[in-house]
Structure formats: C-alpha cells, structure tokens
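This report refers to the structure that appears directly beneath it.
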Amino acid sequence: MPAQIPRRMSAQITQKWRDLAERRRAYFIELYETGRWKHYYTEEMLVTRTREAVRLAETWERLSAPPGSAKTLAAG
C-alpha cells in the first residue's frame, strides 16, 4: 500500500518551492533586462511567462508564511 499523502506540506518543502519560484521569477526579469528574451520568446510569450512566474512566486510566499502571520491573513 502506498504511503498516505500528507494533508500539509512541511515548512521545509514549501520553502524550497518558494525559493525555486523566486529563482524562476528572477530569471525572467534578468532575461528582460539583458534583452536575451528576444532569442527565446516573442514579447507576448515573455509577458505571459513572467506574469505566471510572479504569480507563482507570490503564491508560494503566502503558502510558506507561518499560519496566522500578516502575509497569510492579508492574502486571504
């Protein structure tokens, strides 16, 4: 029988996902600032991917905040 899926992720796991999302967001910002995005994306694709990266970084930031913190309450 497979292991039971936990109802919550540990703080360590959510922090790792948050860090990954932040690195991805920073990567798209760097692509834009350096102009390298023109080699890989159309302008529309870059905007879409950047917005998604920012949204995910913000979501993981909220999820990694301790329960009852101001970040969690303000986001709700």
Side-chain angles (χ1 to χ4, degrees):
M1 177 193 263
Q4 186 175 7
I5 298 172
R7 292 179 184 232
R8 291 181 57 181
M9 282 193 255
S10 70
Q12 183 181 18
I13 292 173
T14 56
Q15 183 65 39
K16 286 183 179 184
W17 279 105
R18 180 185 154 284
D19 293 344
L20 181 62
E22 279 296 324
R23 286 196 309 268
R24 185 169 181 249
R25 183 189 61 80
Y27 168 75
F28 280 106
I29 291 171
E30 179 187 348
L31 273 181
Y32 174 76
E33 290 175 347
T34 62
R36 290 182 315 158
W37 64 271
K38 296 173 185 174
H39 298 285
Y40 308 106
Y41 300 102
T42 64
E43 187 173 357
E44 182 181 338
M45 285 174 59
L46 178 74
V47 169
T48 301
R49 299 267 175 123
T50 303
R51 285 181 180 161
E52 177 187 341
V54 169
R55 182 184 57 77
L56 287 172
E58 290 171 350
T59 299
W60 281 109
E61 177 70 27
R62 283 194 311 269
L63 291 173
S64 66
S69 71
K71 290 179 188 176
T72 304
L73 296 176

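Quick note: residue numbers are just sequence positions, from 1.
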- How long is the span from the CG atom in Asp19 to the OG1 atom in Thr14, to the nearest 0.5 Å? 9.5 Å
- Message: How long is the straight-line distance from CZ of Arg36 back to CG of Leu46, given to the nearest 0.5 Å?
- Response: 11.5 Å
- Query: In this structure, which one of Val54, Val47, Thr48 forms a side-chain contact (heavy atoms from CB on, under 4.5 Å) with Arg51?
  - Reply: Val47
- Message: Hydrophobic clustering (ILVMFWY, side-chain heavy atoms < 4.5 Å, transitive) - are Ile29 and Tyr27 grouped together?
- Response: no
- Is the shortest heavy-atom distance from the side chain of Met45 to the side chain of Trp37 under 4.5 Å? no
- Item | Close side-chain approach of Tyr41 and Leu31, heavy atoms under 4.5 Å | yes
- Heavy atoms only: give me the nearest Ala57-Ala21 pair and the separation to one decimal. CA-CB, 3.7 Å
- Item | From CG (Leu56) to CD (Glu22), nearest 0.5 Å | 11.0 Å
- d(Ile13 CD1, Arg18 CZ) to nearest 0.5 Å is 15.5 Å
- Query: Within a reach of under 6.0 Å around CZ of Arg49, are more than 12 heavy atoms found that belong to other residues, nucleotides or ligands?
  - Reply: no
- List the atom of Arg25, the atom of Ala53, and the distance in Å for their closest heavy-atom pair. CA-CB, 4.0 Å
- Message: I need the minimum non-hydrogen distance between Phe28 and Thr50, along with the two atoms involved.
- Response: CB-OG1, 3.7 Å
